[in-house]
Amino acid sequence: GFHRKPTPDLYTRWAQFGLLSPLSRAHGMTTRLPWDYGEEASRIFRDYDRLRYRLLPYIYTYASIAAETGLPLMRPMVLEFPEDPCTHTMDLQYMLGSELLVAPIYNEQGERYVYFPGGQWVDFWTHEVISGPQTRLIRAPLDIMPIYVKANTLLPTIEPPEHLTEEPFERVTFEAYLLDEGSFELHDTDGATRITTAFDGPDLNVEVTEAKQEVGIKLIPLPGAPAVRIVRVNGHTLPQVNPQQLTYGSGWSRGQDGVVRLVYKPESTSQ
C-alpha cells in the first residue's frame, strides 16, 4: 500500500480505513491522487471523505477528550471492553471513540469476520440491529467498509463543508440510534452541549444543556423502537410541523421514510 503503486481496490480499501482514522493523509512512494486510480476509486474516496467531514463534530469531541485525558480517539477493542477476553488480542477492528466500531476490509475477497461485544449494535449502512456477543462473517462490496454504531448512540453530524474554519460547528444534527435512552456531550470551541433522549412509550423526551443556539435530531427508525407521537424538549412540547418549517423555529416532523427530525431553538421555544 505504500511502496510502488497499489491496485485500485487496495487503494480504495486503504482510503476507507485512513479516512476513519484520527489523522488522514494520502501518502506513498507513487501518486495517491484518487483520480489516478479510476472513476470508481475516485468516487468512493470522495464519499468517505465526505463521511469524515460529516462526522467532524464527533471526531472533534473525542480529539478534545484525548487532549484532556490521554484517552485516544482510535481505540483497540480491549480498551473499550477490557472485561471481554475475546477483545484481548483483537487487532483488525477498532473503536473510533466510544460509539463507532470500524472493521476495515483487508483482503481481495471483500469479506471478514467481525466481532460484536455484548450489547446491541446498528449497521451504519442498513440499520440492522445486531445483538452481541457474537462473531459474524461480513461480506462487503468495494464501496462499503463495515461500520457499526453502538445502540442508543447520539451521533453528532454536520453537512460536509467545502472547507474548515476555527469557528464553532453550525447546525449540528445528532443522528439518534435510539432503542430506549441515550446521551452525548458535544465538545466544541463554543463550549459543551449535552443532550439526553429517552422514549416514554411513544413519547420522546429530550433534555438539552446548550452551548449551541440550535440543536437538531434525526431519529433513525430501528426495529423494535416505538413510533413517536409526542416530542418534548426541556419540558416543552414541540409542535409537529411540515419539514420546511423546521428551518424557522422549533418543531418536529416525520418523513415518508419514517425518519423523525426535530429542531430545537431555545429562543423560539421560549416565545
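Hydrogens, waters and symmetry mates play no part in the numbers below; they use all other heavy atoms, side chains included. Start at 1 with the first residue, then count along the sequence.
Judged purely by atom type and a 3.5 angstrom limit, K218 has no side-chain atom pairing as donor or acceptor with the backbone of F174. Not one N or O on the side chain of T126 forms a donor-acceptor pair closer than 3.5 Å with the backbone of D123. The backbone N or O of L20 sits nowhere less than 3.5 Å from a side-chain atom of S24 that would complete a donor-acceptor pair. Y115 places no side-chain N or O within donor-acceptor distance of the main-chain N or O of M90, the cut-off being under 3.5 Å. Checked by atom type and distance alone, the side chain of R254 pairs as donor or acceptor with a backbone atom of V228 at under 3.5 Å. The backbone N or O of V206 lies less than 3.5 Å from no partner atom in the side chain of Y264, so there is not a single donor-acceptor pair.
Closest approach of S42 to P34, counting heavy atoms only: CB-O, 3.9 Å. Pairing each heavy atom of M74 with each of F17, the nearest pair is CE-CE1, 3.6 Å. Here the closest non-hydrogen pair linking V114 and A103 is CG2-CB, 3.7 Å. Listed here is the closest heavy atom pair of P82 and H88: O-NE2, 2.8 Å. For the pair W121 and L101, the tightest heavy-atom approach, listed with the atom from each and the gap, is CZ3-CB, 3.9 Å. Considering all non-hydrogen atoms of both residues, P226 and P202 come closest at CB-CA, 4.3 Å.
In this structure, N205 CG and I230 CD1 are separated by 9.5 Å, a value rounded to the nearest 0.5 Å. With rounding to the nearest 0.5 Å, the separation of CD1 in I147 from CZ in F124 is 5.5 Å. Note: F199 CZ to L219 CG = 4.5 Å, rounded to the nearest 0.5 Å. Atom CG of residue L51 and atom CD1 of residue I44 lie 13.0 Å apart, to the nearest 0.5 angstrom. Of the inter-residue distances, the one linking R232 atom CZ with D200 atom CG reads 7.0 Å to the nearest 0.5 angstrom. The structure places CZ of R43 at 9.0 Å from OG1 of T12, a figure rounded to the nearest 0.5 Å.
I65 and F81 fall into different hydrophobic clusters, where Ile, Leu, Val, Met, Phe, Trp and Tyr side chains are chained together by heavy-atom contacts under 4.5 Å. The hydrophobic cluster containing W125 does not contain I138, counting ILVMFWY residues as joined when their side-chain heavy atoms lie under 4.5 angstrom apart, directly or transitively. When the side chains of ILVMFWY residues are joined at heavy-atom separations under 4.5 Å, either directly or via intervening members, M145 and M77 end up in two distinct hydrophobic clusters. One hydrophobic cluster, built from ILVMFWY side chains closer than 4.5 Å, cannot hold both V78 and Y62; they sit in different ones. Residue I105 is not grouped with residue Y94 when hydrophobic side chains (ILVMFWY) are merged at heavy-atom distances under 4.5 angstrom, including chains of intermediate members.
Of the candidates T193, T173, L186, I195, L186 is the only one forming a side chain to side chain contact (heavy atoms under 4.5 Å, CB included) with P156.
With contacts defined as side-chain heavy-atom distances shorter than 4.5 Å, the pair S183/R194 qualifies. Looking only at side-chain heavy atoms (C-beta outward), K265 and Q213 stay at 4.5 Å or farther from each other. Looking only at side-chain heavy atoms (C-beta outward), T157 and L55 come within less than 4.5 Å of each other. Inter-residue side-chain proximity for P104 and R112 is flagged as met; some heavy-atom pair is nearer than 4.5 Å. Contact of the M95 side chain with the V102 side chain is not registered, since no non-hydrogen atoms from C-beta on lie closer than 4.5 Å. Using a 4.5 Å cut-off on side-chain heavy atoms (C-beta onward), T197 and E181 make no contact. Contact annotation: the side chain of V233 approaches that of V208 to within less than 4.5 Å [non-hydrogen atoms, C-beta and beyond]. Side chains of W252 and V263 form no contact here, defined as non-hydrogen atoms less than 4.5 Å apart.
The stretch residues 100-110 participates, sequence neighbours left out, in no side chain to side chain donor-acceptor pair (under 3.5 Å) pair at all. Among residue pairs with one or both ends in residues 129-145, those qualifying as side chain to side chain donor-acceptor pair (under 3.5 Å) are E111-R139, E128-R136, Q134-R136; sequence neighbours excluded. Among residue pairs with one or both ends in residues 135-162, those qualifying as ring pair (Phe, Tyr, Trp, His ring centres under 6.0 Å) are F116-Y148; sequence neighbours excluded.
Judged as a side-chain contact (heavy atoms from CB on, under 4.5 Å), and not counting sequence neighbours, the contacts of L33 are T31, W35, D36. Scored by the side chain to side chain donor-acceptor pair (under 3.5 Å) test, T209 finds no partners at all (sequence neighbours excluded). With sequence neighbours left out, the side-chain contact (heavy atoms from CB on, under 4.5 Å) criterion links D91 to no other residue. Residues forming a salt bridge (Lys or Arg N to Asp or Glu O under 4.0 Å) with E175 (at least two apart in sequence, or on another chain): R54. The side chain to side chain donor-acceptor pair (under 3.5 Å) search around E68 returns S64, not counting sequence neighbours. Residues satisfying the salt bridge (Lys or Arg N to Asp or Glu O under 4.0 Å) test with D188, not counting sequence neighbours, are K212. By the side chain to side chain donor-acceptor pair (under 3.5 Å) test, Y60 pairs with no residue at all, sequence neighbours left out. Remark: R171 pairs with no residue by the side chain to side chain donor-acceptor pair (under 3.5 Å) rule, at least two apart or across chains.
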request  = Dump the intermediate steps for side chain to side chain contact (heavy atoms under 4.5 Å, CB included) on S253 and L246, then the final yes or no.
outcome  = CA-CA 8 Å; S253 68; L246 294 179; 3.5 Å; yes
ask   = Where do L178 and L222 land on the side chain to side chain contact (heavy atoms under 4.5 Å, CB included) test, with the steps shown first?
value = CA-CA 8 Å; L178 197 65; L222 300 178; 5.9 Å; no
message = For a side chain to side chain contact (heavy atoms under 4.5 Å, CB included) check, start with the C-alpha distance between Y37 and K5, then their side-chain angles and the critical distance, and finish with the verdict.
response = CA-CA 9 Å; Y37 290 85; K5 186 175 180 179; 3.4 Å; yes
query = Does the pair L154 and I217 meet the rule for a side chain to side chain contact (heavy atoms under 4.5 Å, CB included), with working shown?
reply = CA-CA 8 Å; L154 305 179; I217 294 178; 5.8 Å; no
Donor-acceptor list for residues 159-170 side chains, cut-off 3.5 Å, not counting sequence neighbours:
from: T165; atom 1: OG1; to: E167; atom 2: N; distance (Å): 3.1

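Under the 4.0 Å criterion applied to side-chain N and carboxylate O atoms, R13 and D9 are not assigned as salt-bridge partners. Checked for salt-bridge contact, E80 and R75 meet the test: a charged N lies under 4.0 Å from a carboxylate O.
Under 3.5 Å, the side chains of R4 and T30 contain no donor-acceptor pair of N or O atoms. Between the side chains of Q120 and Y177, no donor N or O sits under 3.5 Å from an acceptor N or O.
Few gaps surround CG on L137; more than 12 heavy atoms of other groups in view lie less than 6.0 Å from it.
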